Amino acid sequence: MAAESGKIDPMHQFQIQEIGDPLFSIAGHPIALTNSAVWMLAAAVALWAFMLLGMKRQVIPTRGQMLVENFTGFITKLVDDNIGHGGRKYVPYIFSLFMFILFANLLGLLPLGLVGLHPFTFTSHFTVTGVLAIMSFAIVLIVGFWKHGIKFFSLFIPHGTPLPMVLVIFPIELVSFLFRPFSLGLRLFVAMIAGHILLKVLAGFVINAANASPLWGGVVGVPSFVLMIGVSALEVLVAGIQAYVFALLTSLYIHDAEHLH
Amino acid sequence: MPQISQLAETFASQIFWLLLTFGFVFFVVGKMMLPKVLSTVDARDQSVASDLAAAEAARAAADQAEENWRVQENAAREAAQKRVAEARAKGAAKSETTLAAGNAKNDAKLAEAEARIAEATKAAMGEIEAVAAEAATDIVARISGAKVSAAEAKTAVKAALNG
């Protein structure tokens with residue numbers, strides 16, 4: 001283990017640990033309760049509890065209701081602006097996506113290490129972000145071919161392209177389209193992992209410098225700690241922005257599927 | 001990087017738990033709770049809009065009522081002014097006739113009184129003449145001893161009195 005060797009491994013936080021024995025197995029893969037699963041459940045339950053604040057359904061909203069309605073209004077506006085006509089049926093999906101990612105990112109940032117818990121940001125695993133991206137992309141494909149059939153391929157030919165150029169542009173547009181799930185999944189994964197590694201590296205500086213001598217603690221540890229505070233604030237921002245970007249891009253892609261251009 | 005080194009043994013459980021939790025989020029939060037929140041917001045927006053419309057209508061009605069009232073008041077004021085003018089004219093005419101009647105009566109009374117005064121003066125004058133004539137005859141008789149007839153005395157007195 002990293003702690004036993006006296007070094008702080010910034011990647012240790014991404015380790016998936018099984019809690020107890022595997023519960024059952026699917027197609028030969030044992031499924032156990034893991035720390036990742038616990039945080040997924042925590043995010044889901046926290047989100048559910050958050051939404052309970054909005055269930056009062058009063059005409060004059062309570063504070064909690066206002067908060068929830070701000071989020072729902074934010075997403076409905078996002079969907080209205082980016083999908084436009086016929087976008088309202090995607091609001092539950094986009095909202096679930098946005099809130100789930102937001103809660104996952106924010107829960108992973110909580111300084112629960114102070115009370116002995118190990119925060120785990122499951123959005124820093126591309127298995128997770130990849131599944132979410134594939135889900136969004138699958139919706140785009142299904143809706144696109146369902147609504148437009150073979151005409152969906154006209155998405156890859158911009159308006160007014162001369163015929164000779166179509167032969168060149170079509171493959172380019174197709175490839176860029178096919179890269180969408182990768183960019184969607186990787187963006188969130190990279191943003192999360194980078195921030196968390198940076199925080200852990202800085203935390204390692206603080207601890208190692210403070211252990212080395214008071215001088216090093218003052219010269220390296222204190223500035224690192226100050227920087228950590230700033231980076232933590234930045235990470236909170238990134239947590240929100242990445243959730244927003246995921247929801248925004250999903251709605252933009254769905255717009256393409258709904259309206260082609 | 002645990003994401004890669006643990007991939008083979010953990011991807012199934014990661015996907016399983018993600019689908020489970022995200023499925024819960026989608027169906028419970030997205031499909032059940034979210035529409036309620038949205039409908040609450042819509043209901044509120046609608047009630048605010050309808051309240052605003054009602055307020056606007058009430059204001060228009062109030063404006064209309066004020067306008068009506070103003071028209072009515074103007075008409076009433078005009079009518080009142082007309083009536084006042086009428087009453088004034090009537091009163092003036094009436095007082096004029098009363099005054100004229102009173103004047104005529106007074107004039108008549110005055111004329112009568114004047115006539116009476118003139119008569120009384122005349123009578124008094126006659127009496128004075130008679131008394132003066134008598135006195136004159138007495139005075140003449142006493143001073144000169146001459147006898148003056150009443151007729152002579154009367155003409156003399158008359159001449160003296162009338163200058």
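Computed from a predicted structure; not experimentally measured. Convention: sequence-line order gives letters A, B, ...; per-chain numbering from 1.
In this structure B:Arg116 satisfies the salt bridge (charged side-chain N to carboxylate O under 4.0 Å, His left out) test with no other residue, sequence neighbours excluded.
Only the side chain of B:Phe24 comes within less than 4.5 Å of a heavy atom in chain A; its backbone stays farther off. Both the backbone and the side chain of A:Leu52 come within contact range of chain B, each with at least one heavy atom under 4.5 Å from a heavy atom of that chain. A:Phe100 touches chain B through its side chain: at least one heavy atom from C-beta onward sits under 4.5 Å away, while N, CA, C and O do not. When heavy atoms are compared at a cutoff of 4.5 Å, A:Gln13 does not approach chain B at all. Neither the backbone nor the side chain of A:Phe103 comes within less than 4.5 Å of any heavy atom of chain B. Only the side chain of B:Leu38 has a heavy atom closer than 4.5 Å to any heavy atom of chain A. Contacts between A:Leu33 and chain B at a heavy-atom distance below 4.5 Å involve backbone atoms as well as side-chain atoms. Looking at A:Ser25, neither its backbone nor its side chain comes within 4.5 Å of chain B, counting heavy atoms on both sides. Residue contact with chain B, scored on non-hydrogen atoms closer than 4.5 Å, involves the backbone and the side chain of A:Ile16 alike. Within the 4.5 angstrom heavy-atom criterion, only side-chain atoms of B:Val28, from C-beta onward, approach chain A. Interface residue A:Phe189: only side-chain heavy atoms are found under 4.5 Å from chain B. Neither the backbone nor the side chain of A:Ile94 comes within contact range of chain B; no heavy atom of the residue lies under 4.5 Å from a heavy atom of that chain.
Ranked by non-hydrogen atom pairs under 4.5 Å with chain B, the options A:Met11, A:Met99, A:Glu69 are led by A:Glu69. Your options are A:Ala32, A:Gly54, A:Pro10, and the one with the most heavy-atom pairs under 4.5 Å with chain B is A:Ala32.
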Item to complete: With salt bridge (charged side-chain N to carboxylate O under 4.0 Å, His left out) as the test, would you mind laying out the steps for A:Arg88 and A:Asp80 before giving the verdict?
Response: CA-CA 7 Å; A:Arg88 278 296 170 112; A:Asp80 284 344; 2.8 Å; yes

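The interface of residues 3-10 of chain B with chain A, defined by heavy-atom distances below 4.5 Å, comprises B:Gln3, B:Ile4, B:Gln6, B:Leu7, B:Thr10.
Sorted by first then second residue, the side-chain hydrogen bond (donor to acceptor under 3.5 Å, both in side chains) pairs that include residues 20-42 of chain B, not counting sequence neighbours, are A:Arg57-B:Ser39, A:Arg57-B:Thr40. Evaluation of the ring pair (Phe, Tyr, Trp, His ring centres under 6.0 Å) test over residues 26-47 of chain A, restricted to residues two or more places apart or in two chains, returns A:His29-B:Phe11.
Aromatic ring orientation, A:Tyr93 versus B:Phe26: perpendicular (interplanar angle above 60°, classes split at 30° and 60°).
The side-chain heavy atoms of A:Phe95 and A:Thr72, taken from C-beta on, include a pair separated by under 4.5 Å.
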